[in-house]
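So the structure is just underneath, and the comments pick up after that.
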Amino acid sequence: MKRFATIVTLAALVLLAVFLLYPLALVLDASFRIDGTGGLTLGNYAAIVKSRYYLGSIGNSLLCAALATAFACAIGIPLAFCLARIDIPGRALLLTLASLPLVLPSFVSAYALVLLFGHAGVVTTALRGIGIPIGSIYGVPGIVIVFTLTLYPYVVMPVLAGFQAVDASMEEAARNLGGSRPYVIRTVLLPIVMPAILAGGLLVFIEALENFGVPAVLAEDRPFLAVDIFKLFAGESDANPAAAGALSVLLIACTAIALLVQRHYLGKRRFSTNARSAPAKLPLTPGLRLTATIVSWGIVIASLLPFAAVLMISLLRFRGPVLTWEFGLGNYATLLSGSYRPLLNTLTLASIAAVVTMLIGAPIGYVVARHRSRLSGLLDFVGMVPFAVSGTILAIGLIIAFNSGPLILTGGWLILVIAYVVRKLPFAIRSSSAIVHQLDPSLEEASINLGVSPSKTFATLTVPLMASGLVGGLVLVWITAASELSATIVLYASGWVTTTVVMYHAIEGTGASLAAAAAAVLILVTAIPLLLINRRINKQESTVI
């Protein structure tokens, strides 16, 4: 079995070195050269430091990411506590609905906000008609709202697990010593779940920092890092594309600093309990239970309202950019009369990427969970790097790496699939390793002792036992690949336009009706598989997230 683990580890490290580390190294190298060539220089970084525009870009990105993290924790921690410790009606459904914003495209939420509260939005026009002015939703306020409502599940999921793992005897001891319920929550429960809070908050910060779609829709004239990197690389705002590399390195540095701060905080503290089962639900008065129910359902429904708004607005008729209250399927007819190709491309690329990602991620997840060594530890670390790298940066690196030389991939479908596989590999590794931790290793040992080879044991015994985790991971990878925009907008070529690209260009131009229909199709395509798979596993009170 050790030989099998070594082969898997080395093969995975080679793949990640070629399609992840090598492209990122080229981006780093380009950032130190003028126009991407010539001798080493710090000129690109000096230009950024001297530029008030790019300093503003960095400041805006960090501000929005920090505010979104704070607000996501502010609503995510109470929601997780209610789900863990209070008998909320419809808890399983609530848990499923709470996971939806993670896999639905965040820039669809941003577009919904524009349709509702933009300059010519439905709500804005209606309120203006009765003499009530409404402030602008563009810029930092709108972006923070969208990030908060779409990323808070990153806090809910780990913190919920943390509250369920708290040893009830510690809470009871604090209460017996005279501590009030709020005092016990503040001094006993919150410190114990702090690692989960930090883990969720870190994910929110990184996702908000590297997100391309939301600032692209809502930023208007405000500069943001992810958008500026794309514009620089596309040559829209600067004649020196190497500056995109310098901004990319600064973006990665920001996420790396956030990771180091989290590790430093956790490294100085111990957070462990001896819980053997989830603590009992709190005995609340009917009034408090009703309040908790309203707050919990209110948070989740508010986060899904933008998607419901898009579905409804896609059925309304547009006159230019202005909405009317005439219902019909005209927007869908306009969308589908053009070509089915973008939708077909989306389904094809996402399906190939999901299957390939799980074929690569399942053995990696098995090795990092079952065979601890320095090499597998290195693989575990490298496999998580895509979490901290923007899709735009990875795409730029892939273009630099494979636009010439022995392996030319640009302009085709394969480079899109590679980008999706690399970006989504952490989902596959984590979903696979999580299920491996629950399997008894004696089963594999018995199979090998009976003469079955390690590779055949893995394929015929372990993989079937991992089926539930693999299916969950496959669905999650498929959904997030179908809604991927940040890498796609850099890598796509004519003939391989996806639904997200159609929607992005429609929003950029005057195709509001086309964008609404494309967004609705994207929501339905990504939501239906998630709901079906969650329905199958609801008995375990968990989700594929």
Notebook entry, point to check: Side chains of Pro386 and Met384: closer than 4.5 Å at any heavy-atom pair?
Noted result: no
Margin query: Under the side chain to side chain contact (heavy atoms under 4.5 Å, CB included) test against Leu394, which residue among Val422, Val490, Leu491 passes?
Written below: Val422
Note to self: To check you understand the geometry: which heavy-atom pair defines the closest contact between Trp297 and Ile88, and what is its length?
What the structure shows: NE1-CG2, 4.0 Å
Check: Counting N and O atoms only, with roles assigned by atom type, does the side chain of Arg91 sit under 3.5 Å from a partner on the main chain of Ala84, one being a donor and the other an acceptor?
Finding: no
Check: With distance as the sole test, does Ser432 use its side chain to make a donor-acceptor pair with the main-chain N or O of Ile429 at under 3.5 Å?
Finding: no
Note to self: If you count heavy atoms of other groups shown closer than 6.0 angstrom to CZ of Phe19, is the number above 12?
What the structure shows: yes
Check: To the nearest 0.5 Å, how far apart are OG1 in Thr255 and CG in Leu250?
Finding: 11.0 Å
Checklist line | From Leu398 atom CG to Ile393 atom CD1, the distance as rounded to the nearest 0.5 Å | finding: 12.0 Å
Notebook entry, point to check: Which class fits the ring pair Trp496 and Trp413: parallel under 30°, tilted 30 to 60°, perpendicular over 60°?
Noted result: tilted
Notebook entry, point to check: Taking Thr499 for the side chain and Ala518 for the main chain, is one N or O donor matched with an acceptor at less than 3.5 Å?
Noted result: no
Next item on the list: Taking Asn331 for its side chain and Ala517 for its backbone only, find out whether a donor-acceptor pair lies under 3.5 Å.
Entry: no
Check: Between the side chain of Asn345 and the main-chain N/O of Val497, is any donor-acceptor distance below 3.5 Å?
Finding: yes
Checklist line | Ser303 side chain vs Thr150 backbone, donor-acceptor pair below 3.5 Å | finding: no
Margin query: I need the Leu304 CG to Ile301 CD1 distance, nearest 0.5 Å.
Written below: 8.0 Å
Next item on the list: Starting at CD1 of Ile86, measure out to CZ of Phe81 and round the result to the nearest 0.5 Å.
Entry: 5.5 Å
Check: Considering all heavy atoms of both residues, which atom of Pro363 and which atom of Met358 are nearest to each other, and what is their separation?
Finding: CD-O, 4.2 Å
Note to self: In the structure I gave you, are the side-chain heavy atoms of Ile479 and Phe427 within less than 4.5 Å of one another anywhere?
What the structure shows: no
Next item on the list: Please report the closest heavy-atom contact between Cys82 and Ala292, naming both atoms and the distance.
Entry: SG-CB, 4.0 Å
Note to self: So which atom in Ala520 and which in Val310 form the shortest heavy-atom distance, rounded to 0.1 Å?
What the structure shows: N-CG1, 3.9 Å
Show which side-chain atoms of residues 200-218 pair as donor or acceptor with protein atoms under 3.5 Å away, not counting sequence neighbours.
| unit_1 | atom_1 | unit_2 | atom_2 | d |
| --- | --- | --- | --- | --- |
| Asn211 | OD1 | Gly213 | N | 3.1 |
| Asn211 | OD1 | Val214 | N | 2.9 |
| Asn211 | ND2 | Ser106 | OG | 3.0 |

Margin query: If you compare all heavy atoms of Thr69 against all heavy atoms of Ala65, which two are closest, and at what distance to 0.1 Å?
Written below: OG1-O, 2.7 Å
Check: Would His505 and Ile489 count as a side-chain contact (heavy atoms from CB on, under 4.5 Å) if you check the C-alpha gap in whole Å, the side-chain angles of each, and the deciding distance to 0.1 Å?
Finding: CA-CA 10 Å; His505 287 307; Ile489 196 67; 4.1 Å; yes
Next item on the list: Show the numbers, then the answer: is there a side-chain contact (heavy atoms from CB on, under 4.5 Å) between Leu24 and Val385?
Entry: CA-CA 11 Å; Leu24 293 181; Val385 168; 4.3 Å; yes
Note to self: Measuring only between side-chain heavy atoms, which start at C-beta, is Leu524 closer than 4.5 Å to Leu311?
What the structure shows: yes
Checklist line | Min side-chain heavy-atom separation Ser390-Ile229 under 4.5 Å | finding: no
Next item on the list: Could you give me the CA-CA distance, side-chain angles and deciding distance for Leu79 and Tyr152, then say whether side-chain contact (heavy atoms from CB on, under 4.5 Å) is met?
Entry: CA-CA 10 Å; Leu79 178 58; Tyr152 78 93; 3.7 Å; yes
Notebook entry, point to check: Distance only, no hydrogens: is a donor on one side chain within 3.5 Å (strictly under) of an acceptor on the other, for Tyr332 and Ser314?
Noted result: yes
Notebook entry, point to check: What do the steps show when you test Leu149 against Leu305 for side-chain contact (heavy atoms from CB on, under 4.5 Å), and what is the final call?
Noted result: CA-CA 10 Å; Leu149 293 178; Leu305 276 180; over 6 Å; no
Check: Are Leu335 and Met503 side-chain neighbours, meaning at least one heavy-atom pair lies under 4.5 Å?
Finding: no
Item checked: Gap separating the CG atom of Leu416 from the OG1 atom of Thr498, nearest 0.5 angstrom -> 7.5 Å
Notebook entry, point to check: Can you find a pair of side-chain heavy atoms, one from Leu20 and one from Leu425, that are under 4.5 Å apart?
Noted result: no
Note to self: Contact between Leu343 and Val525 at the side-chain level, heavy atoms closer than 4.5 Å - yes or no?
What the structure shows: yes
Note to self: Once side chain to side chain contact (heavy atoms under 4.5 Å, CB included) is applied, do any residues pair with Val249, and if so which ones, sequence neighbours excluded?
What the structure shows: Leu28, Ser31, Tyr45
Check: Under 3.5 Å, is there a donor-acceptor pair between the side chain of Thr346 and the main chain of Pro342?
Finding: yes
Next item on the list: Please check if the side chain of Asn60 supplies one atom and the backbone of Phe224 the other of a donor-acceptor pair under 3.5 Å.
Entry: no
Check: Val421 and Ala353: which non-hydrogen atoms are nearest, and at how many Å?
Finding: CG2-O, 3.8 Å
Next item on the list: Mind checking the CZ-CD1 spacing from Phe327 to Ile313? Nearest 0.5 Å is all I need.
Entry: 10.0 Å
Check: Is Leu247 close to Leu251 at the side-chain level, that is, under 4.5 Å between some pair of heavy atoms?
Finding: no
